[in-house]
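See below for the structure under consideration.
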Amino acid sequence: MQFWYDYQLVALSVVVAIIASQVSLSIAARIKAHRSHAIGWLAGGATAMGIGIWAMHFMGMLAYHLPIPVGYDIPLTVFSLLLAIISSLIALYVIFSAETLSWESNAFSALIMGAGIAGMHYTGIYAMQMSPAIEFDPTLFLASLVIAYVASFVAIRLAFYYSKSDSFFELKKGLAAILMGFAISGMHYTAMGAQIIDPDAVCLAANSGLNAEYLAVLVISVVLLVLIITAILLNTDLTMAHKEKDFAVTLAKENERSLLEARQLAVELTRESLRNAEFANKLVDTLGALVIVIKQDGTVIRFNRTAEEVTGYNRHEVLGHAIWRIMVGEEQQSRLEREFSDLKVEDFPRNHSKEWMTQSGDTRVIDWSDTVLLDDSGHIEFIIATGIDVTEQRHNEEELKIAAVAFNTNEAIFVTDRDNNILRANSVFTDITGYGEEEVIGENPSILKSGEHESDFYHNMWSKINAKGYWIGEIWNKKKSGEVFPEFLRITAVKNRGGDVENYVASFSDLTQLKQAEEKLSYVTNYDQVTGLPNRQLFGELLRQEMATTGSNGKRGLVIYMRFIDLGLMNQSLGVSVVDTFINHFIAYVRSICESNAVLGRASGSSFILMLPRIEESHGLSEYGSYIAGSILEHIKSGELIDEKMVSLGVNLGIAAFPNNKADADTIIQNASVAHDEAKKIEASSYHFFSEELHKAAIGSYSMLANLRSAITSSEFELYYQPQVDVEEKIIGAEALLRWKHDGNFVSPAEFIPIAERSDLIHEIGDFVFRDGISFMAELIRVGVPKGFECISLNMSAKQFHDTGFIEKLKKYLIEHAVPPEYIKIELTETALVDDPQQAIDTIAKLKELGIRISLDDFGTGYSSLSYLHRIPIDQLKVDQSFVRDMTINKVSRSITETIVMMANSMGIDVIAEGVETLDEKEMLGRFGCFHYQGYYFYKPMNSGGFVELLISKE
Ligand code: C2E
Ligand code: CA
Ligand code: CA
């Protein structure tokens with residue numbers, strides 16, 4: 001079937017679509033502005049839009065000319081109009097109800113609107129009632145649906161966004177409307193293109209009788225009328241809206257003006273109230289902030305209650321004074337004064353933060369907000385400063401800062417304030433020290449002090465911190481448990497912007513494990529692994545240290561180098577374990593014969609070194625050396641049975657003395673080693689002194705020992721007796737003193753007793769003294785003991801005292817000579833008591849049980865631990881002759897003597913002074929309370945015959 005378009009009508013239909021779109025977009029914009037009358041606007045808008053769309057469609061249909069008469073079914077046409085209106089309604093509702101347009105709701109509403117438009121179109125076509133029915137090209141049909149959908153989608157979207165602009169004619173909205181109009185028309189004409197009409201089709205709908213032109217004019221008139229009315233309504237609405245807006249603006253301006261007036265009024269009022277002191281004070285006193293009113297010269301004229309509370313000053317102390325005289329430290333006063341005089345009107349209002357000093361000297365941080373009142377000529381009249389105390393707040397901020405920096409490490413950390421009070425400590429601190437954070441807060445870190453460091457150490461540490469801001473080093477501190485531990489400590493001073501120290505941050509780690517590892521390492525490098533003895537290197541170091549001190553005390557020492565002969569061979573033949581046992585026994589033996597300060601080291605597999613420091617003068621260097629060396633040789637010579645194997649080794653010893661001129665430690669060891677070579681050359685298993693002089697002397701003492709041995713058998717010993725007297729010089733006893741007549745000379749016991757003591761000879765000599773002394777006492781008894789004579793005193797060396805068999809011998813001698821034990825007093829030195837106090841107490845108890853008396857000889861020179869006097873039942877204290885000798889000229893000796901005497905008297909112990917050589921000494925001792933004496937002032941030691949004669953002559 002032939003058809004054509006009336007293009008004027010086509011153009012008109014497009015114009016209608018555009019206008020309809022424009023109107024609907026504007027309506028959408030107004031719906032939002034009219035929340036209260038929304039339903040009316042919604043209905044009106046939807047009608048206008050629906051009619052617009054329908055009209056476009058209808059005109060498109062009218063423009064379509066078929067060669068047959070065409071009519072429209074009226075109810076169906078009206079229905080299509082309703083479809084257009086309803087779908088518009090839905091679309092507008094979506095726009096109205098949503099604050100934001102989601103893609104989903106856009107898509108959904110477009111579906112409904114598109115379906116409405118499409119439905120309207122095809123209902124309109126159907127209203128023509130063609131027979132046979134119009135068929136449609138499927139592709140174009142689908143395309144029309146798609147266009148309907150897309151056009152609706154875009155229309156809704158545009159309408160939604162333009163609902164935000166509220167002007168009727170706006171360029172962007174106009175463009176959107178054109179786009180929408182074309183889209184709607186596009187849909188329509190695509191759909192028209194889709195229809196295939198049978199050439200023989202007949203239109204069954206009743207013809208209205210109106211020709212298409214008239215119908216078009218009619219529809220357009222109606223539609224335009226509707227649209228124009230809507231547009232007019234819209235415009236009125238808009239104008240009203242604009243008027244409302246203008247009114248609001250005017251109102252706001254009005255408010256602002258009155259606000260300004262109010263402020264002026266307030267300033268006036270304030271000025272007024274400032275002039276009225278009482279009112280002003282009351283007013284500002286109610287404020288929680290500090291309020292201070294100052295003149296530019298700093299004079300304070302208002303000072304409110306909060307200011308008083310925060311600063312601690314009474315307003316009467318402040319008013320009339322310059323603010324900087326009161327509130328800041330002296331060094332800041334002039335600065336503040338200058339700052340004030342430089343202030344200009346333009347500087348206000350201003351905010352600043354200042355530290356203020358309170359009356360008690362604390363510092364508070366105040367955030368100030370300053371405004372000014374100007375006088376009539378525009379100059380600053382008053383500065384009104386309003387402040388808030390932010391000290392705590394700042395403090396917390398600081399704390400947070402510190403916390404953030406410091407507390408996430410694996411080191412112990414604590415922070416102190418500038419006065420060294422701990423503020424915080426982390427958990428590692430607790431782990432290491434054992435102190436919880438709450439326990440140390442507010443404490444001084446000195447709670448960790450170990451006492452290992454002198455005050456100098458801390459002094460240096462702090463001067464470094466003050467100068468450089470930090471200190472790093474090792475320090476010994478103490479844990480809560482009391483355990484002292486090494487730590488690696490770092491102290492840093494944290495300064496504020498002004499350069500003053502605010503905090504100290506200390507971080508440390510526990511070095512205990514490191515130290516242990518270090519010690520282990522040093523053990524490996526410094527000690528012999530088999531015996532645990534210091535090796536050659538450590539021995540050298542120890543000797544070096546010793547020599548650094550021996551020089552100053554004047555005493556000399558010895559180094560003995562010992563080397564076993566064929567020790568390696570022994571290892572092979574007897575086995576390592578046997579030789580190790582032998583060596584351990586050897587070490588134990590060497591230690592047993594030396595003083596406790598001796599040091600034994602192992603120089604190599606078969607050589608040992610021994611250091612004998614600070615040898616007592618009385619021992620004699622060479623005598624002592626030959627005693628030790630001789631003892632070792634004798635011990636080794638006798639051999640030892642280990643695991644049923646006989647171990648018998650040769651050893652050579654070399655001895656060197658130190659200090660020796662300027663020889664260093666290594667040279668001394670070298671000397672001893674050289675002396676050892678000398679010994680080896682001369683005789684297997686012997687010793688040799690490095691110095692010829694010493695060697696000769698040693699040979700002398702060695703020969704003395706040999707001579708002493710023979711002295712016993714050839715009865716070269718004799719006991720002399722020195723009388724002991726009371727205050728009236730009556731003889732109350734006598735001390736037996738040993739004499740050695742050798743080669744026609746008397747050898748002093750001071751010389752030979754120490755040598756005898758270092759060998760077993762002292763036992764034989766002691767035996768002689770006790771036997772001879774007891775037999776002399778028996779003789780005295782026979783002769784007749786004079787009245788007042790108590791007993792004879794016998795000296796006993798420590799070695800003898802520790803000999804377990806001696807009490808039995810003593811008993812035997814007493815019985816043999818029928819001497820009651822009360823006639824015997826034993827003189828012991830403190831040395832005999834200190835080594836093994838318990839054994840000493842037991843032995844003394846046994847002697848006391850027998851009835852023998854005990855005197856403590858040389859009292860005051862030895863260990864003088866007075867505490868043991870209470871535990872040991874002694875009968876007499878013998879004040880050493882050195883005190884008696886110096887007593888009259890030396891205050892210290894005098895007071896020692898006096899103390900010993902007083903103490904003995906208070907304990908009920910007899911006290912006797914020896915070495916009394918003058919009457920002065922005797923009298924002084926008497927004044928102290930000592931009434932028993934022994935000394936050259938009374939009698940010198942004499943032989944037994946002389947003593948008996950003396951006693952008889954006194955009778
Ligand atoms: P000691 O036990 O302190 O004996 C006192 C020493 O002082 C004796 O020296 C004596 O002669 C001397 N003396 C007495 N009065 C005076 C005085 O007024 N002025 C001065 N300067 N000296 C005075 P001696 O006899 O040479 O004995 C020295 C040391 O030898 C004794 O000191 C004692 O420790 C030891 N000793 C003497 N005989 C024996 C003994 O039989 N056995 C033991 N184990 N040691 C003995
Ligand atoms: Ca004595
Ligand atoms: Ca004495």
Side-chain angles (χ1 to χ4, degrees), residues 616 618-620 708 711-712 716-725 729 733-741 745-777 791-803 806 810 824-832 853-862 864 874-888 897 900 911-922 925 932-944 946-947:
E616 291 297 324
S618 61
H619 283 184
L708 269 176
I712 296 164
E716 290 172 4
F717 289 122
E718 188 185 343
L719 281 180
Y720 270 47
Y721 294 90
Q722 185 176 30
Q724 299 174 331
V725 300
E729 302 189 11
E735 178 181 7
L737 294 162
L738 193 57
R739 297 291 175 259
W740 179 21
K741 266 182 280 175
N745 299 315
F746 271 112
V747 182
S748 162
E751 247 178 79
F752 66 84
I753 290 286
I755 290 173
E757 272 180 337
R758 282 185 226 125
S759 74
D760 288 341
L761 229 52
I762 192 67
H763 295 296
E764 290 172 52
I765 293 174
D767 271 357
F768 167 81
V769 172
F770 275 78
R771 221 185 309 123
D772 209 54
I774 290 169
S775 98
F776 176 67
M777 189 60 226
C791 59
I792 58 164
S793 298
L794 300 172
N795 288 289
M796 184 185 250
S797 84
K799 221 167 170 183
Q800 211 180 340
F801 178 72
H802 288 128
D803 173 13
F806 107 90
L810 195 59
I824 302 297
K825 187 186 275 175
I826 293 177
E827 288 195 6
L828 288 170
T829 57
E830 288 165 286
T831 338
R853 307 176 200 222
I854 306 290
S855 177
L856 209 49
D857 202 359
D858 303 344
F859 192 78
T861 58
S864 299
I874 52 162
D875 299 279
Q876 187 182 60
L877 280 188
K878 213 168 175 183
V879 182
D880 188 64
Q881 49 181 295
S882 62
F883 299 122
V884 176
R885 188 176 56 229
D886 298 342
M887 189 177 65
T888 49
T897 309
I900 294 172
V911 60
I912 186 169
E914 65 181 352
V916 180
E917 294 185 351
T918 65
L919 180 63
D920 277 357
E921 288 166 358
K922 185 207 166 194
L925 286 160
H932 292 165
Y933 320 97
Q934 177 185 345
Y936 295 170
Y937 175 67
F938 310 98
Y939 304 100
K940 288 200 169 176
M942 56 195 77
N943 64 20
S944 55
F947 184 62

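What you are looking at is a predicted structure, and each value in this text was computed from that prediction instead of being measured. Just follow the structure's listing: the first ligand is 1, and inside any ligand the first atom is 1.
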How about Leu719 and Leu738: do any of their side-chain heavy atoms sit closer than 4.5 Å? yes

State the count of protein N/O/S atoms located less than 3.0 Å away from the Ca ion (ligand 3). 4

For a 4.5 angstrom cut-off between non-hydrogen side-chain atoms, does Ile774 reach Leu810? yes

min-distance N/O/S atom, Glu735 vs the Ca ion (ligand 2), resolves to OE2

Are the side chain of Gln722 and the backbone N or O of Tyr939 linked by a donor-acceptor pair below 3.5 Å? yes

A side-chain contact here means heavy atoms from C-beta on lying under 4.5 Å apart; do Met887 and Leu925 qualify? yes

Determine, for Glu757 against Lys799, whether the closest basic-nitrogen to carboxylate-oxygen distance falls under 4.0 angstrom. no

Asp880 side chain vs Phe883 backbone, donor-acceptor pair below 3.5 Å: no

Tell me whether the Ca ion (ligand 2) has Asn795 as a neighbour, meaning an N, O or S atom of it below 3.0 Å. yes

Find out whether the Lys NZ or Arg CZ of Arg739 is both under 6.0 angstrom from the six-membered ring centre of Tyr720 and within 45° of the ring's axis. yes

Does any donor atom in the side chain of Ser793 or Glu735 lie under 3.5 Å from an acceptor atom in the other side chain? no

Does Ile854 offer a backbone N or O that forms a donor-acceptor pair with the side chain of Asp875 under 3.5 Å? yes

If the criterion is any heavy atom closer than 4.0 Å to an atom of ligand 1, which residues make the list? Gln722, Glu735, Leu737, Leu738, Arg739, Pro749, Ile753, Val769, Asn795, Ser797, Asp857, Asp858, Gln881, Glu914, Gly915, Val916, Glu917, Gly935, Tyr936, Pro941

Indicate the ring-plane relationship of Trp740 and Phe752, choosing parallel, tilted or perpendicular according to the 30° and 60° boundaries. perpendicular

